Amino acid sequence: MTEHRYNVKETESRWQSAWADKKVFEVTEDPSKKKFYALAMFPYPSGRLHMGHVRNYTLSDVVARYKRAMGFNVLNPMGWDAFGLPAENAAMENQTHPSKWTYQNIAVMKNQMKMMGLAIDWSREVTTCAADYYRHEQKFFLDFLKSDLAYQKEAFVNWDPVENTVLANEQVVDGRGWRSGALVERRKLKQWFLKITEFADDLLDGTKQLTGWPEKVRIMQENWIGKSQGLQFRFEYDGQGAQNSNIGNTLEIYTTRPDTLFGASFVAISPDHPVAAELSAKDKGIADFVAQCRAIGTSEAIVETAEKIGFDTGLKVKHPFIKGASLRVFIANFVLMDYGTGAIFGCPAHDQRDLDFARKYNLNVIPVVIPDGQEPKEFAVDMEAYTGPGRLYNSDFLNGMGVDEAKAEAIARIEKAGMGEGKTLYRLRDWGVSRQRYWGCPIPIIHCDACGVVPVPEDQLPVTLPEDVHFSQPGNPIYNHPTWKNVDCPTCGKEAQRETDTFDTFFESSWYQFRYCDPQNKDRGFAKDKVAYWAPVDQYIGGVEHAVMHLLYARFFTRALKKCGYLDFDEPFTALFTQGMVTHETYKDSAGKWLYPADLKKVGDKFVHAATGEAVTVGRIEKMSKSKKNTVDPVEILETYGADAARLFILSDSPPERDLEWTESGIEGAWKYLNRLWRLVMNADFNGTGGDTDAMRRKIHKTIHDMTQDLEKFHFNKSVARLRELSNALEDFSAAKGDGATLKEGCEVLLRLMSPMIPHIAEELWQAMGHKTLLVDAKWPEADASLLANDTVTMGIQVNGKLRATVTLPKDMAQADAEKAALSEAGVQKAMEGKPARKIIVVPNRIINVVV
RNA sequence: GCAGGCGUGGCGGAACGGUAUACGCAGCGGACUUAAAAUCCGCAGGGAGCAAUCCCGUAGGGGUUCAAGUCCCCUCGCCUGCACCA
């Protein structure tokens, strides 16, 4: 063979066309073949592909191509999570319609994806903002209504009082609206909810079966569902509470620590509690305090990190067990209305938030749980609450009990007294799906003054978005539209109004994995039999930032669809892989302004600004982001080095679950390797007769074996290392004029093994070696078991755990012989200093440890 | 604040509880070249020593074990999520 330069651009686009022309990656249901559904989380069409996308789709592509070579019928689809807030922001900034902006972005990004050479079945492309997609979820919603899985209730939103609009959490910056700068307040709106809590226990049980998921994600989901056993009971007001007839005689609270009741020193209710509202009506001080608490966003992180403040309502409640004792009732900003009853009792000694609050307002701190092994007299709580196990004291009938025993006893006593009952509670709240925005799926509901809430009749679906909307005025453009919401009531025919809220965009991403199975279906979201063939997804891949919400919603949605008869299983994703982020160094000029890597030039080992020559400060390595300008445009990489080099670098440098630092030298290294590979195959002389054929063949087959295992376990960086080892060995073998047939076998194995990772160059070289059929259709190689075993092993010999010698011994040597061999080593003798061996531990074929 | 994760040479990283640093990047030395790039060969955790060799090393501290990067406890640092970003 003759060497000529490797022409990346020409080669890559040629093979991309070849695969597309032959429809290599288009699939249909084929019951004779085992299916494999590989799925990457679909992108939001933000404008251009970023490196996180490139990493994600490279990973899923390796899986899809590898499984394909293994003989599976592989579904590997792609689509667009196309509804969302950024399209509306762009509309406001550039006066482009969200639809136009979105579809333009899709066109650009699809083109960019094609440059990556992905093994995608593009005939199944799905776009969620298209009516032929979202019409089906409108139908699902109507089914959920019928199945009692959807309902309306009041809930809080972030309200910008200047723009008169609802803000997303990300639009709230330091408690203020991002555009207006006005202080954000919590405001109540009537909204639609899906009853995810109906499946709380089922979702919890389900996580235990998800053995193909990372342990950490399962734990996060379990914690998010947050099942807790506790006590819900009623405090009786002491004195004046009863005077306000609207408040009633009792205050109901929930606690997970009924064992600490004797340590209670106050009661606190949420600012959003009905009692707080009742008191606000009559007391300006309380009203002002509640308003102060509400002048803060709705996000839990903000509420929980805010300084704890409280207000004494003047109300008091009687302690249920201590005669004559009463507790003051506060309104406290750290009590969440969404959890339990929106009211708690505070036990400062054993809860950090309660302790912070008690220290601030000079309330009693009464320890009632003493850590095991400590005397009550010695035990005190200062600024750190004790939340661990121990024995109860100071607690009357609970004294001496352990925490769990005391919990059970306290619950039993309260139940006996008729004041309350033990209760299982979940942290999980129902899923609020209403959004006061334009660029989303319209909720198919009509509000009629006479008939109330009326579902849109199914034959009137889809309810499509109005196109002639304006973003110049504040508020929801769909609500502001002059005519769209006016409609006749389907029941009584009188004038009525459409619901103007749209669905949360998590709605679309909760079922797209099923739409891919039957993307052209006009009648329904998907045919049951097609989903039965392809689903559930065998390998789902995406960012860990979706570990809780998206994945939990999709798991719920699958159960809800099952309840409505659409499918017959519970879990949408059998296996999950969460990838790390792509990071890059950051750069600043002397004025402290961020600089793009592309605007820099390297002079010696320092960076300067390419245009001005000004010195540049190199900052820390952070997640690529537009705001820090530490991004590298994938397209520039694809155009300079090609898809294979980008893919190889992404796979080789870090394990996929960890962060990947993008570096210029890294992509250069990948590029160099491709050229080296090119030379290896193109210069190979397949007529040689020398070399250590036996060793070479063992290396080839060991690589097949090891690499197959690595791919199964997502150890792609190790796979790349093994490929490099094999090609290094083949280079040496080739240089030694090694046996031609063995060299050919080695090169072909190498190409087949690397094909899922760097498919273009592998295909090119495969053809250069004389093959007439596509490498992409070649089977995965199998290792010859007889070549995997070695006759000898190198064992380390330790004396007292420290390595003193290594010896090469026959494999599976008898223990006594191994001991003898170990003791005869000079280094071992020396380290033993003439002392006798007390014990010798032989780990067969691995290590020998002599204890003296 | 709560929850989850991560931490190994100059750098990215290897390492069923069993020979720490595979593979690569950067570096150094050499070959080729008028020269450079590219390419090829070699060296390479830190310290001491002419050397054989020895000591120290997996964020820090403690523990379990014949043996700990790996298991347990504590501390520190960084990252992710927190329900209207996707």
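All chains are named by letter (A, B, ...) in the order of the sequence lines, taking the proteins before the strands, and each is independently numbered beginning at 1. Everything numeric in this text was worked out from a predicted model, so none of it was measured.
- Note on ring orientation: taking the six-membered ring where Trp is involved, the planes of A:F507 and A:F557 are perpendicular (angle over 60°, cut-offs 30° and 60°).
- Between A:S654 and B:G12, a side-chain N or O to OP1/OP2 separation shorter than 4.0 Å is absent.
- Across all strands shown, B:C82 forms a Watson-Crick or G-U wobble pair, both distances under 3.5 Å, with B:G1.
- For the P atom pair drawn from B:C85 and B:G12, the interatomic distance equals 33 Å after rounding to whole Å.
- Both distances falling under 3.5 Å, in either a Watson-Crick or a G-U wobble arrangement, occur for no nucleotide opposite B:U70.
- Looking at the side chain of A:N849, the nearest of the listed nucleotides B:C23, B:A67, B:U19 is B:A67.
- Remark: B:U33 base-pairs with no nucleotide; criterion is Watson-Crick or G-U wobble with both hydrogen-bond distances under 3.5 Å.
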(request) Report the C-alpha separation of A:Y540 and A:Q513 in whole Å, then their side-chain angles, then the decisive distance to 0.1 Å, and conclude whether the side-chain contact (heavy atoms from CB on, under 4.5 Å) test is met. (result) CA-CA 10 Å; A:Y540 196 30; A:Q513 67 277 8; 5.8 Å; no

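- Here B:G1 is the nucleotide among B:G18, B:G1, B:A83 with the atom lying nearest to any side-chain atom of A:A301.
- Of the side-chain N and O atoms in A:N728, one or more sit less than 4.0 angstrom from OP1 or OP2 of B:G24.
- Distance from the side chain of A:I847 is smallest to B:G18 among B:C85, B:C82, B:G18.
- Listed nucleotides B:C23, B:G4, B:G1 differ in distance to A:A721; the shortest reach to its side chain belongs to B:C23.
- The aromatic rings of A:H546 and A:F506 sit perpendicular, their planes meeting at an angle over 60°, well past the 30° parallel limit.
- Dashed line: the shortest gap from a side-chain N or O of A:R676 to OP1 or OP2 of B:C40 is under 4.0 Å.
- The pairing partner recorded for B:G17 is none, the criterion being a Watson-Crick or G-U wobble arrangement whose two distances lie under 3.5 angstrom.
- Among B:C16, B:A15, B:A3, the nucleotide with an atom closest to any side-chain atom of A:N223 is B:A3.
- Side-chain N/O atoms of A:K802 include one lying less than 4.0 angstrom from OP1 or OP2 on B:C56.
- Regarding contacts with the backbone of B:A14, a side-chain N or O of A:N717 is found under 4.0 angstrom from either OP1 or OP2.
- Residue-level contact check: A:R218 touches neither bases nor backbone, having no heavy atom under 4.0 Å from any strand.
- A:E725 comes within 4.0 angstrom of sugar-phosphate atoms only, judged by non-hydrogen atoms across all strands, and of no base.
- In this structure, A:I841 reaches the bases: a heavy-atom distance under 4.0 Å links it to at least one base atom across the strands shown.
- The nucleotide B:G42 finds its pairing partner in B:C28, both defining distances of the Watson-Crick or G-U wobble pair being shorter than 3.5 Å.
- The partner of B:C6 is B:G77, judged by Watson-Crick or G-U wobble contacts that both fall below 3.5 Å.
- By the 30° and 60° cut-offs, the orientation of the rings of A:H53 relative to A:H50 is parallel.
- Note: CD1 (A:I106) to P (B:A86) measures 15 Å, nearest angstrom.
- B:A52: no Watson-Crick or G-U partner with both key distances under 3.5 Å is found in any strand.
- Side-chain nitrogen and oxygen atoms of A:R724 include none within less than 4.0 Å of the OP1 or OP2 phosphate oxygen of B:A22.
- In this structure B:G24 sits in the anti conformation; its chi angle is more than 90° from 0.
- At a threshold of 4.0 angstrom between heavy atoms, the contacts of A:Q436 include nucleobase atoms, whether or not backbone atoms are also involved.
- Taking the charged nitrogens against the carboxylate oxygens, A:E731 and A:R679 have no contact shorter than 4.0 Å, which rules out a salt bridge.
- A donor-acceptor pair shorter than 3.5 Å can be found between the side chains of A:T197 and A:D430.
- The side chain of A:S665 has B:A26 as its nearest neighbour among B:A26, B:C66, B:U39.
- Atoms CD1 (A:I621) and C1' (B:G7) sit 14 Å apart, rounded to a whole Å.
- Look at A:R353 and you won't find any side-chain N or O under 4.0 angstrom from OP1 or OP2 of B:C2.
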